[in-house]
Asker: 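Please see the structure below; I have some questions.
Each chain gets a letter, A, B and so on, in the order its sequence line appears, and its residues count up from 1. All values reported here derive from a predicted model rather than from experimental measurement.
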Amino acid sequence: MTISIYNTLSGTKAPLETIEQGHVKLYVCGITAYDYCHIGHARSALVFDMIVRYLRHRDFKVTYIRNFTDIDDKIIKRAQEQNTTCDELSSRFIRMFHEDMENLGVLPPTLEPKATEHVQEIIDMIQELIAKDLAYQVGNDVYYKVTKFAGYGSLSGRNLEDMQAGARISVNEEKQHPMDFALWKGSKPGEPTWESPWGPGRPGWHIECSAMSRKYHGKSFDIHGGGKDLIFPHHENELAQSEGANGEGFVKYWVHHGFVNIKDEKMSKSLGNFLTIREVLADYPAEALRLFIFSTHYRNPLDYSSTALNDAVTGLNRIYSCLAEIGQLPTTGNDKAKGAASKKDMQKITSLAERFHQAMDNDFNTAQALGHIFEVVKALNKIRQHLPAEPATADLTLLHQGAATVQELGQVLGLLNDDPAAHMEKEQDQILSTMTITPDEIQALIDQRNQARQDKNWARADEIRDQLLEQGIELKDDAAGTSWQVKSN
RNA sequence: GGCGGCGUAGCCAAGUGGCUAAGGCAGUGGUCUGCAAAACCAUUAUUCGGCGGUUCGAGUCCGCCCGCCGCCUCCA
């Protein structure tokens with residue numbers, strides 16, 4: 001089985017063939033550090049976290065680089081507004097970003113280079129571009145000469161004529177072509193500055209990724225990723241810079257994920273309709289957010305709503321609850337008894353890993369992979385439900401193995417990391433902490449109710465149950481006695 | 001205007017021409033229960049925005065139309 005990946009450059013899915021056998025070199029454009037991250041950033045981080053985890057699960061070595069843009073116009077502006085330095089501002093939000101990533105359960109990349117720590121590499125690359133007549137100096141600025149790069153527009157599927165027709169491009173008189181973009185910007189007073197052959201200044205936005213990816217991955221590497229909004233101009237320009245300077249192919253697979261929308265509109269800072277990661281994590285567990293994000297394919301738009309997140313919480317608990325219930329079963333039973341599991345359910349359970357891989361191999365189809373997991377959860381529940389008083393060892397083994405596979409594959413997606421029983425408890429404790437009732441009080445009421453039930457005083461028993469339900473506590477009567485849980489939602 | 005994408009049940013969503021159109025959430029009926037809850041079983045799209053075409057066969061390919069969205073300026 002091979003993994004196939006959709007490539008923005010070709011517009012088709014193609015089997016993953018790495019440059020170096022068994023080793024994937026991945027570069028993802030990270031954040032510009034000047035504000036808290038919103039759930040669009042979370043989607044980006046989670047999508048590539050999932051891709052990295054899956055590739056490693058499939059025995060690839062993955063070198064994952066995700067950069068920080070720590071110098072740019074927005075940072076300078078924001079730092080001035082907050083009366084601080086660019087360095088302080090970007091360090092602060094990089095710290096916030098790391099906190100968010102940890103809370104999301106996102107694995108750290110292999111390397112997280114910063115633009116300001118690679119100014120020399122950037123300058124070197126710009127000099128190479130000038131030497132090849134692909135860039136030119138105007139005053140203290142340096143621009144890339146887009147007309148000299150034959151493939152310009154190939155990634156985003158545009159050509160220079162069409163783009164010039166667009167009305168929103170402001171024409172800078174000093175540029176030779178309106179689409180030429182800055183590699184180096186001469187600095188104004190008060191701005192962070194580095195010395196360069198073109199005078200004091202700072203790097204343009206796109207060049208940092210070309211310089212850093214070359215330093216750590218080499219001139220060519222396997223996968224370059226980011227949000228769809230980076231296709232143009234950022235990645236188009238990176239491609240032009242890198243191939244222009246290096247004289248060889250830059251990236252084999254361009255992977256771009258879709259946006260998070262709110263009410264069918266793109267969530268973005270300029271529209272002001274965004275939710276920060278920390279706002280969302282205050283209300284929902286990280287794994288619920290993850291399940292929500294992976295419930296649709298990574299290239300499709302995803303509409304955020306509290307309903308959708310609540311659905312994800314319910315779905316996640318459904319899996320955990322299934323695993324917790326199975327975890328309580330003995331591992332051995334009657335060796336001679338015939339298994340009660342149907343052939344069909346057995347087959348569903350034992351083929352889970354294979355079907356999961358098939359879905360994931362197909363351009364990381366997490367939605368389908370999760371569908372298979374849920375299908376198996378249903379089968380496991382069904383078998384468990386129908387277990388006789390003295391269950392067959394064969395059934396118990398099937399249940400335990402099935403549950404182990406579900407959890408293991410869930411973890412490939414970064415889900416189901418908790419011990420199932422502990423998760424259910426933790427979930428409840430958290431909600432319980434916001435309530436006025438204590439577990440002891442609940443237990444006392446349950447004891448009273450059971451006494452009433454024994455006395456066949458149903459009215460009193462129901463009264464207690466309804467009273468608890470009003471406070472958000474659900475009771476479950478079964479053979480083992482009465483247990484309780486916090487009512488979901 | 002240029003480029004790209006989407007439209008599958010009440011909602012979310014998978015479906016790389018061919019067995020009964022995954023899965024989740026919500027709903028309804030049943031099993032279980034003193035009654036519930038949970039879980040399970042059954043049920044909810046003869047049909048995939050509309051109209052044509054290609055094909056033995058189309059949700060899937062092609063054309064046109066309708067509706068929605070994104071990029072073309074900083075953006076994940």
Asker: Can you work out whether A:Ala379 or A:Gly30 has the more 5'-proximal nearest nucleotide on RNA chain B?
Answerer: A:Ala379

Asker: Using a cutoff of under 3.5 Å, can you pull out all pairs of nitrogen or oxygen atoms linking the protein to nucleotides 34-36 of chain B, with atom names and distances?
Answerer:
{"from": "B:G34", "atom 1": "O6", "to": "A:Arg449", "atom 2": "NH2", "distance (Å)": "3.0"}
{"from": "B:G34", "atom 1": "O6", "to": "A:Arg453", "atom 2": "NE", "distance (Å)": "3.3"}
{"from": "B:G34", "atom 1": "N1", "to": "A:Asp462", "atom 2": "OD1", "distance (Å)": "2.8"}
{"from": "B:G34", "atom 1": "N2", "to": "A:Asp462", "atom 2": "OD1", "distance (Å)": "3.0"}
{"from": "B:G34", "atom 1": "N2", "to": "A:Asp462", "atom 2": "OD2", "distance (Å)": "2.7"}
{"from": "B:C35", "atom 1": "O2", "to": "A:Arg465", "atom 2": "NH1", "distance (Å)": "2.7"}
{"from": "B:C35", "atom 1": "O2", "to": "A:Arg465", "atom 2": "NH2", "distance (Å)": "2.4"}
{"from": "B:C35", "atom 1": "N3", "to": "A:Arg465", "atom 2": "NH1", "distance (Å)": "2.3"}
{"from": "B:C35", "atom 1": "N4", "to": "A:Asp477", "atom 2": "OD2", "distance (Å)": "2.9"}
{"from": "B:A36", "atom 1": "N6", "to": "A:Asp477", "atom 2": "N", "distance (Å)": "3.4"}
{"from": "B:A36", "atom 1": "N6", "to": "A:Asp477", "atom 2": "O", "distance (Å)": "3.0"}
{"from": "B:A36", "atom 1": "N1", "to": "A:Asp477", "atom 2": "N", "distance (Å)": "3.0"}

Asker: Shorter than 3.5 Å, N or O on both sides, protein versus nucleotides 9-12 of chain B: list them out with atom names.
Answerer:
none

Asker: Looking at every strand, decide which applies to A:Gly371 at a 4.0 Å heavy-atom threshold: base, sugar-phosphate, or nothing.
Answerer: base

Asker: Of all the choices, B:G15, B:G23, B:A13, which nucleotide is nearest to the side chain of A:Gln368 once you look at every atom?
Answerer: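 So the nucleotide nearest the side chain must be B:G15.
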
Asker: Quick one: A:Asp363 CG to B:G15 C1', roughly how many Å, whole number?
Answerer: 14 Å

Asker: Within the 4.0 Å heavy-atom criterion, would you say A:Val47 contacts the bases, only the backbone, or no part of the nucleic acid?
Answerer: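 It contacts nothing in the nucleic acid.
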
Asker: If the P atom of B:A76 is compared with that of B:C71, how far apart are they to the nearest Å?
Answerer: 12 Å

Asker: Can you tell which of A:Asp477, A:Asp455, A:Asp466 makes a salt bridge (charged side-chain N to carboxylate O under 4.0 Å, His left out) with A:Arg449?
Answerer: A:Asp477

Asker: Which of the following nucleotides, B:G24, B:C71, B:A13, is nearest to the side chain of A:Phe232?
Answerer: B:C71

Asker: With both distances under 3.5 Å as the test, what is the Watson-Crick or G-U wobble partner of B:C64?
Answerer: B:G50

Asker: Excluding sequence neighbours, so at least two apart, what forms side-chain contact (heavy atoms from CB on, under 4.5 Å) with A:Asp345?
Answerer: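 Counting only residues at least two positions away or on another chain, A:Asp345 forms a side-chain contact (heavy atoms from CB on, under 4.5 Å) with A:Ser342, A:Lys348, A:Ala379, A:Lys382, A:Ile383.
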
Asker: For A:Gln385 and A:Ile231, take the nucleotide of RNA chain B holding the closest heavy atom to each; which residue's nucleotide lies nearer the 5' end?
Answerer: A:Gln385

Asker: Both distances below 3.5 Å, Watson-Crick or wobble geometry, any strand: find the nucleotide opposite B:A39.
Answerer: B:U31

Asker: Salt bridge between A:Glu81 and A:Lys77, side-chain N to carboxylate O under 4.0 Å?
Answerer: yes

Asker: In Å and rounded to the nearest 0.5 Å, what is the OG1 to CE distance from A:Thr147 to A:Met179?
Answerer: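 Answer rounded to 0.5 Å: 12.0 Å.
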
Asker: May I ask you to evaluate whether A:Asn365 reaches the phosphate of B:G15, defined as a side-chain N or O under 4.0 Å from OP1 or OP2?
Answerer: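 True: A:Asn365 side-chain N/O within range (under 4.0 Å) of B:G15 OP1/OP2.
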
Asker: Please tell me which of the listed nucleotides, B:C40, B:C71, B:A14, lies nearest to the side chain of A:Asn381?
Answerer: B:C40

Asker: Salt-bridged, A:Glu474 to A:Arg465, with N to O below 4.0 Å?
Answerer: no

Asker: Could you report the tightest heavy-atom contact between A:Ala353 and A:Leu409, atom names first, then the distance?
Answerer: CA-CD1, 3.7 Å

Asker: So which protein N/O to nucleotides 41-44 of chain B N/O distances come out below 3.5 Å?
Answerer:
none

Asker: With A:Phe93, which residues qualify under ring-ring contact (aromatic ring centres under 6.0 Å, His included), at least two apart?
Answerer: A:Tyr36

Asker: Between A:Phe97 and A:Cys37, which heavy-atom pair has the shortest distance, and what is it?
Answerer: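 Taking A:Phe97 first and A:Cys37 second, the nearest heavy atoms are CD1-SG, 3.5 Å.
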
Asker: For B:C69 and A:Lys228 - does any side-chain N or O of the residue sit under 4.0 Å from the phosphate oxygens OP1/OP2?
Answerer: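 No, no such contact exists.
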
Asker: Write down the atom of A:Met360, the atom of A:Leu413, and the distance for their closest heavy-atom approach.
Answerer: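 The pair with the smallest heavy-atom distance is CE-CD2, 3.6 Å.
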
Asker: Using both distances under 3.5 Å as the test, list the Watson-Crick or G-U wobble partner of B:C71, or none.
Answerer: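 Because both required distances fall under 3.5 Å, B:C71 counts as paired with B:G2.
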
Asker: So what does A:Ser156 hit on the nucleic acid, given a heavy-atom distance under 4.0 Å: a base, only sugar-phosphate, or nothing?
Answerer: sugar-phosphate

Asker: Quote, to the nearest angstrom, the P distance that separates B:G70 from B:C62.
Answerer: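 One P to the other, the span is 25 Å.
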
Asker: Decide, yes or no, whether a salt bridge links A:Lys266 with A:Asp229 under the criterion of side-chain N to carboxylate O below 4.0 Å.
Answerer: yes

Asker: Under the side-chain contact (heavy atoms from CB on, under 4.5 Å) rule, collect the residues that match up with A:Pro420, sequence neighbours excluded.
Answerer: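 Here the qualifying residues are A:Tyr320, A:Leu323, A:Ala324, A:Gln407.
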
Asker: What does A:Asn362 touch in the nucleic acid at a heavy-atom separation under 4.0 angstrom: a base, only the sugar-phosphate, or nothing?
Answerer: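 Base: the residue A:Asn362, judged by heavy atoms under 4.0 Å, touches a nucleobase.
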
Asker: Short question: side chain of A:His357, backbone of A:Glu354 - any donor-acceptor pair under 3.5 Å?
Answerer: no

Asker: Output the rounded distance in Å from CD (A:Glu474) to P (B:A37).
Answerer: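 These atoms are roughly 9 Å apart.
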
